[in-house]
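Note that ligands are numbered from 1 as they come in the structure, with each ligand's atoms numbered from 1 the same way.
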Amino acid sequence: MPPQRRALIIGGSIGGLFAAQFLRQAGWEVAVFERSAGDLADRGAGLNTSAELFEALARAGAVVNPGLAFHVRRSAWLKQDGTIGVEIPRGWHGSTWGTIYRPLRAAFPSALYHAGKAVERVEQDGSSVTAILAGGARERGDLLIGADGVYSTVRKQFLPEVAPISAGYIAWRGILEERDLPPAAHALLLDRAAFTFPDNELVVSLPVPGADNDPRPGHRRYYFIWYRPASAAEQRALFTDASGRDHGLAIPPPLIRAEFVAAMKADARRVLPPVLGEIVGRVAQPLLQSITDLEAPRMAFGRVVLLGDSAFVARPHVAAGTSKAALDAAGLVAALVAHDDDIDAALQHYERERLAFGRAVISHARYLGAYLEAGGAATARDPERVLREYGAPHLVHEVDFA
Ligand SMILES: Cc1cc2nc3c(=O)[nH]c(=O)nc-3n(C[C@H](O)[C@H](O)[C@H](O)COP(=O)(O)OP(=O)(O)OC[C@H]3O[C@@H](n4cnc5c(N)ncnc54)[C@H](O)[C@@H]3O)c2cc1C
């Protein structure tokens, strides 16, 4: 029996939990260090699921059932006048971040999950790696996985020059309980994904499971994401709170200035189909994010690897962030098993394979979002083509619960 290996996993979100769980199953000892002390599941908005994500959840021992996603069978162009233009039989399984995170976290032993522990720095000597935590504690392992997201501390140490780059537009997101929807929404929106194309803008909206994964009519929620061009100066203003603090590319929702939320809601009533304008207007606390590209040129550094959003963050058009994190984790553990725990060879293999996938995701996301970039003319778009190409159907696949 080879000696048991120990992995330090930095970040206890979706990517970190998948990696930790798959490594345990492969016989590794694992320890997850998560900076946030609170319940992550309370945060987040809507996301898209995939067959790959559900396979990974099941393999990780999470309780999986069709209630984790809400299935619509059609995608439609919702025109400005509120009527349906083109419609195609393209399905989506929408969900929310908390709905996916919760069963994954529940499947993982709490004794191995160290919440409120931030990693500040990493040291390594060729065959082992040490994480230095805030407060000075040191943890030693054979492998360290930086699953610490878009602003990864681990990545900054090895690739200080790599950072998210604004794509020139932002997105407002929101979720509304089904019972709070305007009456017109019920017949029009609850059995399809809707795509709306104001000039140089895009809204994608769809029903998602309710707070308790309840798919019954009346208990679901409705999610939208609204992409709008914003110059660097406009973004600086949007991401600066009332006290004058600039939050960079992401601002905690309660700190978004009230006048920006009010202006956005007024615009919604002016430029969106009436039913959608009404929905946006009714969301009490919208989320705001800058749309960025993040692309790491490398993912392995000795005994340290990057995984999930710490290495690549694609624009949300590909709707594949959680699936990519799951596939990175599965790919890493498959490489370790295939190389019989020759860690260095396995990490090289992992890097080659996952760099290629990350680049493909980023490139498709750029293609889908190109017309939204600031300064673009009101490009003529073919709505049907957008409905067909949206997401990343060539990279991750639709769920089939049949
Ligand atoms: C609370 C939350 C809500 C989200 N909501 C959505 C959503 O609604 N829709 C969507 O598409 N995507 C959402 N995401 C992003 C989504 O999880 C990722 O795109 C994808 O799943 C890949 O996840 P990841 O694990 O690589 O990174 P992330 O999910 O970003 O997780 C990184 C984790 O690392 C932790 N961390 C960061 N720095 C350190 C450090 N120095 N030491 C220890 N821990 C650290 C963070 O607290 C975080 O939990 C959300 C992420 C989080 C954390």
Side-chain angles (χ1 to χ4, degrees), residues 8-21 31-50 52-53 56-57 94-102 104-105 108 113-122 131-135 137 139 144-157 164 171-175 204 206 208 221 223-225 249-250 252-253 286-289 291-292 294 296 299 305-329 332 354 358 361 365 391-392 396:
L8 310 172
I9 293 129
I10 316 309
S13 171
I14 287 178
L17 282 173
F18 273 128
Q21 200 62 325
V32 172
F33 299 96
E34 165 54 48
R35 178 170 60 193
S36 174
D39 183 3
L40 291 177
D42 292 341
R43 296 189 263 156
L47 49 74
N48 183 45
T49 61
S50 66
E52 287 80 357
L53 179 65
L57 282 170
S95 188
T96 65
W97 192 85
T99 305
I100 299 302
Y101 171 80
R102 230 175 263 115
L104 184 58
R105 174 68 188 84
F108 188 73
Y113 190 97
H114 307 285
K117 300 280 181 204
V119 168
E120 291 192 329
R121 190 159 62 78
V122 171
I132 293 104
L133 307 181
E139 290 281 344
L144 181 140
I145 299 172
D148 50 347
V150 60
Y151 300 110
S152 168
T153 305
V154 177
R155 185 193 67 240
K156 278 183 198 147
Q157 182 173 334
W172 290 95
R173 296 179 184 234
I175 289 194
V204 183
L206 74 172
V208 293
R221 288 179 287 180
Y223 168 66
F224 72 83
I225 179 163
L249 298 171
L287 278 61
L288 175 64
Q289 72 179 103
I291 301 302
T292 60
L294 176 90
M299 292 172 79
V305 287
L306 302 179
L307 181 149
D309 278 11
S310 67
F312 289 91
V313 181
R315 307 177 191 186
H317 314 299
V318 280
T322 46
S323 305
K324 178 169 70 61
L327 288 167
D328 281 355
L332 175 61
R354 302 315 300 167
V361 171
V396 292

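Where the criterion is an N or O separation shorter than 3.5 Å, residue side chain and backbone included, R35 meets it with respect to ligand 1. On a distance-only criterion, G46 and ligand 1 share at least one N/O pair closer than 3.5 Å.
The heavy atom nearest to atom 22 (C) of ligand 1, considering only T322, T96, D309, I175, is found in D309. Atom 6 (C) of ligand 1 has its nearest heavy-atom neighbour, among F18, F312, W97, in W97. Residue G15 holds the heavy atom nearest to atom 25 (O) of ligand 1 of all those in P316, G12, G15. By heavy-atom distance, the residue among I14, I100, V119, L133 lying nearest atom 42 (N) of ligand 1 is V119.
Here the straight-line distance linking atom OG of S13 with atom CG of D309 works out to 8.0 Å at 0.5 Å rounding. The line from OG1 of T96 to CZ of R221 is 5.0 Å long, rounded to the nearest 0.5 Å. Taken to the nearest 0.5 Å, the CZ atom of R173 stands 10.5 Å off from the CZ atom of F224. Here L332 contributes atom CG and R354 contributes atom CZ; the two are 10.0 Å apart, rounded to the nearest 0.5 Å. The CG atom of L53 sits 8.5 Å away from atom OG of S95, with the distance rounded to the nearest 0.5 Å.
Those atoms of ligand 1 with a heavy atom of G308 less than 4.0 angstrom away are 26 (O). Less than 4.0 angstrom separates some heavy atom of A147 from each of these atoms of ligand 1: 32 (C), 33 (C), 34 (O). Residue contact check: T153 has heavy atoms under 4.0 Å from atoms 41 (N) of ligand 1. Atoms of ligand 1 lying under 4.0 Å from at least one heavy atom of F33, given by number and element, are 43 (C), 44 (N). Atoms of ligand 1 found under 4.0 Å from any heavy atom of A325, numbered from 1 in the order shown, are 22 (C). Set against the non-hydrogen atoms of R173, the atoms of ligand 1 under 4.0 Å away are 9 (N). Numbered from 1 in the order shown, with element, the atoms of ligand 1 that lie under 4.0 Å from a heavy atom of A118 read 42 (N), 43 (C). The atoms of ligand 1 that sit less than 4.0 Å from any heavy atom of I10 are 42 (N), 43 (C).
Put simply, the side chain of Y113 gets close to the backbone of G12: a donor and an acceptor are under 3.5 Å apart. Judged by distance alone, with hydrogens and angles left aside, the side-chain atoms of Q157 form a donor-acceptor pair with the main-chain N or O of V122 at under 3.5 Å.
Side-chain contact, S310 with S152: no donor N or O sits under 3.5 Å from an acceptor N or O.
Residues F312 and D328 are not in side-chain contact: their nearest non-hydrogen atoms beyond the backbone lie 4.5 Å or more apart.
Not close to ligand 1: E120, with no non-hydrogen atom less than 4.0 angstrom away.
Relative orientation of the F33 and H114 rings is parallel, given thresholds of 30° and 60° on the angle between their planes.
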